[in-house]
Amino acid sequence: MIQIIAGKKGKGKTKHLLDKVNAEVKEVHGNIVYLDKSSKHMYELNNKVRLIDTSEFGLSSSDGFVCGIISQDYDLEQMYLDSFLKIAKLEDADITETIDKLDELGEKYNITFVLSISLDADDLPENAKSKVIVSL
């Protein structure tokens, strides 16, 4: 399953994402991973959430990286991707295929992906519009 927090840069998507992940920690039975482009929000996350600073890995795309995390953690239940377009190297690109692939992975491994995307909800591809939970 995919949930999207959409809105232009500077609208408060990260705050919504942090609030959501910290609330979910109390409800989730499996593990939670939070991917971000820096470790800036490390102290705002509950210590049960694994923060991964993607800037440390020199990614050219995030597909293999996300699959690697999934393959190493059989108890993974939720994955949060802040600044999704930036860390996935998809700025100014069509994200239709990526959304479909994450949807497939979520279904197959029972993982919820929560993405913050720096686009207005109206500018998202059709397959992503129904997944928006917060539009700023």
Side-chain angles (χ1 to χ4, degrees):
M1 174 165 77
I2 297 175
Q3 298 176 351
I4 296 174
I5 298 172
K8 294 283 187 185
K9 185 176 178 169
K11 292 289 186 178
K13 295 178 300 301
T14 297
K15 179 171 178 5
H16 279 280
L17 201 65
L18 289 167
D19 289 346
K20 182 169 177 48
V21 71
N22 287 327
E24 289 290 327
V25 161
K26 300 169 189 141
E27 306 296 323
V28 171
H29 299 292
N31 295 329
I32 299 176
V33 173
Y34 188 99
L35 277 70
D36 202 348
K37 64 185 182 295
S38 72
S39 59
K40 177 178 158 183
H41 302 292
M42 177 174 30
Y43 299 109
E44 297 171 68
L45 286 170
N46 183 296
N47 66 353
K48 294 180 182 173
V49 176
R50 180 177 174 203
L51 171 67
I52 299 175
D53 176 358
T54 60
S55 70
E56 294 180 7
F57 295 95
L59 303 176
S60 58
S61 86
S62 64
D63 287 357
F65 193 73
V66 168
C67 291
I69 293 168
I70 293 169
S71 73
Q72 292 296 311
D73 189 348
Y74 294 106
D75 293 327
L76 184 62
E77 193 169 325
Q78 294 183 351
M79 186 178 293
Y80 291 76
L81 293 94
D82 196 7
S83 303
F84 174 70
L85 298 176
K86 186 176 284 293
I87 64 174
K89 309 293 186 207
L90 292 170
E91 293 173 298
D92 301 319
D94 182 6
I95 62 170
T96 303
E97 280 184 44
T98 304
I99 295 295
D100 287 342
K101 185 168 187 175
L102 287 177
D103 231 357
E104 285 177 33
L105 289 170
E107 294 279 325
K108 185 173 184 179
Y109 297 105
N110 199 28
I111 298 169
T112 299
F113 293 96
V114 184
L115 317 174
S116 78
I117 298 180
S118 292
L119 290 173
D120 282 331
D122 295 338
D123 296 334
L124 291 169
E126 287 304 315
N127 68 338
K129 289 181 180 178
S130 65
K131 299 172 185 339
V132 174
I133 59 168
V134 176
S135 180
L136 303 169

Task: For D94, side-chain hydrogen bond (donor to acceptor under 3.5 Å, both in side chains) partners two or more places apart - done: T96
- [ ] Would you give the length of the straight line joining atom NZ of K11 to atom OG of S118, rounded to the nearest 0.5 angstrom?
- [x] 11.5 Å
Task: Any donor-acceptor pair under 3.5 Å from N22 side chain to N46 backbone - done: yes
TODO: Would you sort out whether D123 and K8 count as a side-chain contact (heavy atoms from CB on, under 4.5 Å), showing the intermediate values?
DONE: CA-CA 10 Å; D123 296 334; K8 294 283 187 185; 4.2 Å; yes
TODO: Locate the shortest heavy-atom distance separating I117 from K13; write the atom from each residue and the value.
DONE: O-CD, 3.4 Å
Task: Apart from M1 itself, residues in the same hydrophobic cluster as defined by side-chain heavy atoms under 4.5 Å - done: none
Task: Step-by-step side-chain contact (heavy atoms from CB on, under 4.5 Å) determination, L81 to F113 - done: CA-CA 7 Å; L81 293 94; F113 293 96; 4.1 Å; yes
Task: Close side-chain approach of L136 and H16, heavy atoms under 4.5 Å - done: yes
TODO: Return the minimal non-hydrogen interatomic distance between S38 and L51, and the atom names on each side.
DONE: O-CD1, 4.5 Å
Task: Value rounded to 0.5 Å, distance of OG1 in T112 from CG in L76 - done: 9.5 Å
Task: ILVMFWY cluster, I95 and F65 together (side-chain gap under 4.5 Å) - done: yes
- [ ] Measure the spacing between CG of L45 and OG of S39 and express it to the nearest 0.5 Å.
- [x] 10.5 Å
TODO: Of all the heavy-atom pairs spanning I99 and A128, show the shortest one and how long it is.
DONE: CG1-CB, 4.3 Å
Open item on the list: Please say yes or no: joined through hydrophobic side-chain contacts below 4.5 Å, possibly via intermediate residues, are M79 and V25 part of one cluster?
Closed with: no
Task: For the student: nearest non-hydrogen atoms of K37 and S55, plus distance - done: O-CB, 3.3 Å
Open item on the list: For the CD atom of Q3 and the CG atom of L115, what is their distance to the nearest 0.5 Å?
Closed with: 9.0 Å
TODO: Might you work through the side-chain contact (heavy atoms from CB on, under 4.5 Å) test for R50 and N31, ending with a clear yes or no?
DONE: CA-CA 8 Å; R50 180 177 174 203; N31 295 329; over 6 Å; no
Open item on the list: So which atom in G30 and which in E77 form the shortest heavy-atom distance, rounded to 0.1 Å?
Closed with: N-OE1, 2.7 Å
Open item on the list: Would you say I2 ends up clustered with L124 if hydrophobic residues are merged whenever their side chains have heavy atoms under 4.5 Å apart, either directly or through other cluster members?
Closed with: yes
Task: Point-to-point distance, once rounded to the nearest 0.5 Å, from NZ of K129 to OG of S135 - done: 11.0 Å
TODO: Find out whether L17 and V114 are in side-chain contact, i.e. whether some heavy atom of one side chain is under 4.5 Å from a heavy atom of the other.
DONE: yes
Open item on the list: Holding to salt bridge (Lys or Arg N to Asp or Glu O under 4.0 Å), I want the full list of residues that pass it with E91, two or more places apart in sequence or in another chain.
Closed with: K86
Task: Sub-4.5 Å side-chain heavy-atom contact between I87 and D36 - done: no
- [ ] Could you check I4, T98, L35 and say which one makes a side-chain contact (heavy atoms from CB on, under 4.5 Å) with F84?
- [x] T98
Task: E44 versus L18, closest heavy-atom pair with distance - done: OE1-CD1, 3.3 Å
Task: Full working for salt bridge (Lys or Arg N to Asp or Glu O under 4.0 Å) between K131 and D103 - done: CA-CA 10 Å; K131 299 172 185 339; D103 231 357; 3.0 Å; yes
Open item on the list: Rounded to the nearest 0.5 Å, what separates atom CG in N127 from atom CG in D100?
Closed with: 4.5 Å
Task: Within one Ile-Leu-Val-Met-Phe-Trp-Tyr cluster: Y80 and I5, side-chain cutoff 4.5 Å - done: yes
- [ ] Look at the side-chain heavy atoms of Ile, Leu, Val, Met, Phe, Trp and Tyr, link any pair under 4.5 Å apart, and say whether Y74 and V33 land in one connected group.
- [x] no
- [ ] Decide if atom NZ of K20 counts as having more than 12 heavy atoms of other residues, nucleotides or ligands within a radius under 6.0 Å.
- [x] yes
